[in-house]
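Owing to the predicted nature of the structure, the values given are computational and were not obtained by experimental measurement.
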Amino acid sequence: MPCKLDRYDIKRIETVANSALLILGDVSKTENSLMDISDINIQRAGEFFIYSIWIQSQMGDLIILRKNPDIIEEFITIKKVVPKKMSIERESYWK
């Protein structure tokens, strides 16, 4: 069954991503003492992956809004609920 994402889900993904970055800590502080180069590379690859997913989501929303200008007003004014048309479009982008 396809996964339906709404603004709440996107916010949860961002929260999880930010939490993961906080747990991993600041690489610059630990580069010289606790982590070897492979650990640093793995951490940076994970950060890159998280940011790539976030950018993909943002770009998908921009493309959907560009193709469906009639839902822009509803998308901006109702912050708790994603328009149904946009949810359907998002679902097709995530397949």
Side-chain angles (χ1 to χ4, degrees):
M1 177 178 285
C3 178
K4 293 186 179 183
L5 295 175
D6 59 12
R7 258 192 225 156
Y8 178 72
D9 291 326
I10 301 297
K11 189 64 179 168
R12 284 180 38 205
I13 291 169
E14 289 176 9
T15 302
V16 169
N18 289 335
S19 299
L21 291 175
L22 287 174
I23 291 168
L24 292 173
D26 184 7
V27 176
S28 62
K29 293 178 184 174
T30 58
E31 275 183 4
N32 297 328
S33 58
L34 300 176
M35 301 174 83
D36 65 2
I37 194 71
S38 63
D39 292 336
I40 294 168
N41 287 340
I42 291 171
Q43 181 176 349
R44 289 182 180 161
E47 290 173 0
F48 181 77
F49 178 71
I50 290 168
Y51 290 132
S52 297
I53 292 172
W54 180 78
I55 289 171
Q56 179 183 2
S57 171
Q58 299 301 306
M59 294 303 294
D61 286 351
L62 290 172
I63 291 168
I64 292 167
L65 292 171
R66 173 77 170 143
K67 289 181 178 179
N68 303 288
D70 54 312
I71 63 172
I72 293 174
E73 186 65 32
E74 183 181 357
F75 181 73
I76 291 171
T77 56
I78 304 173
K79 302 205 184 292
K80 298 276 182 190
V81 179
V82 176
K84 178 123 178 108
K85 190 174 183 179
M86 186 162 192
S87 293
I88 293 168
E89 291 285 327
R90 275 184 179 170
E91 186 178 319
S92 69
Y93 278 95
W94 282 96
K95 287 184 180 179

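- We find the CG-CD1 distance between Asp39 and Ile42 to be 6.0 Å, quoted to the nearest 0.5 Å.
- The closest side-chain heavy-atom distance from Asp61 to Arg90 is below 4.5 Å.
- Here the CD1-CZ distance, from Ile55 to Phe48, works out to 8.0 Å after rounding to the nearest 0.5 Å.
- Here Ile72 contributes atom CD1 and Thr77 contributes atom OG1; the two are 11.5 Å apart, rounded to the nearest 0.5 Å.
- Here the CD1-CE distance, from Ile64 to Met86, works out to 5.0 Å after rounding to the nearest 0.5 Å.
- Once rounded to the nearest 0.5 Å, the distance linking CD of Glu74 with CG of Asn68 reads 11.0 Å.
- Atom-to-atom distance recorded for Trp54:CH2 and Met59:CE is 10.5 Å, nearest 0.5 angstrom.
- Both Phe75 and Ile63 are assigned to one and the same hydrophobic cluster, defined by single-linkage of ILVMFWY side chains at heavy-atom distances under 4.5 Å.
- The shortest heavy-atom contact between Ser87 and Val82 is OG-CG1, 3.7 Å.
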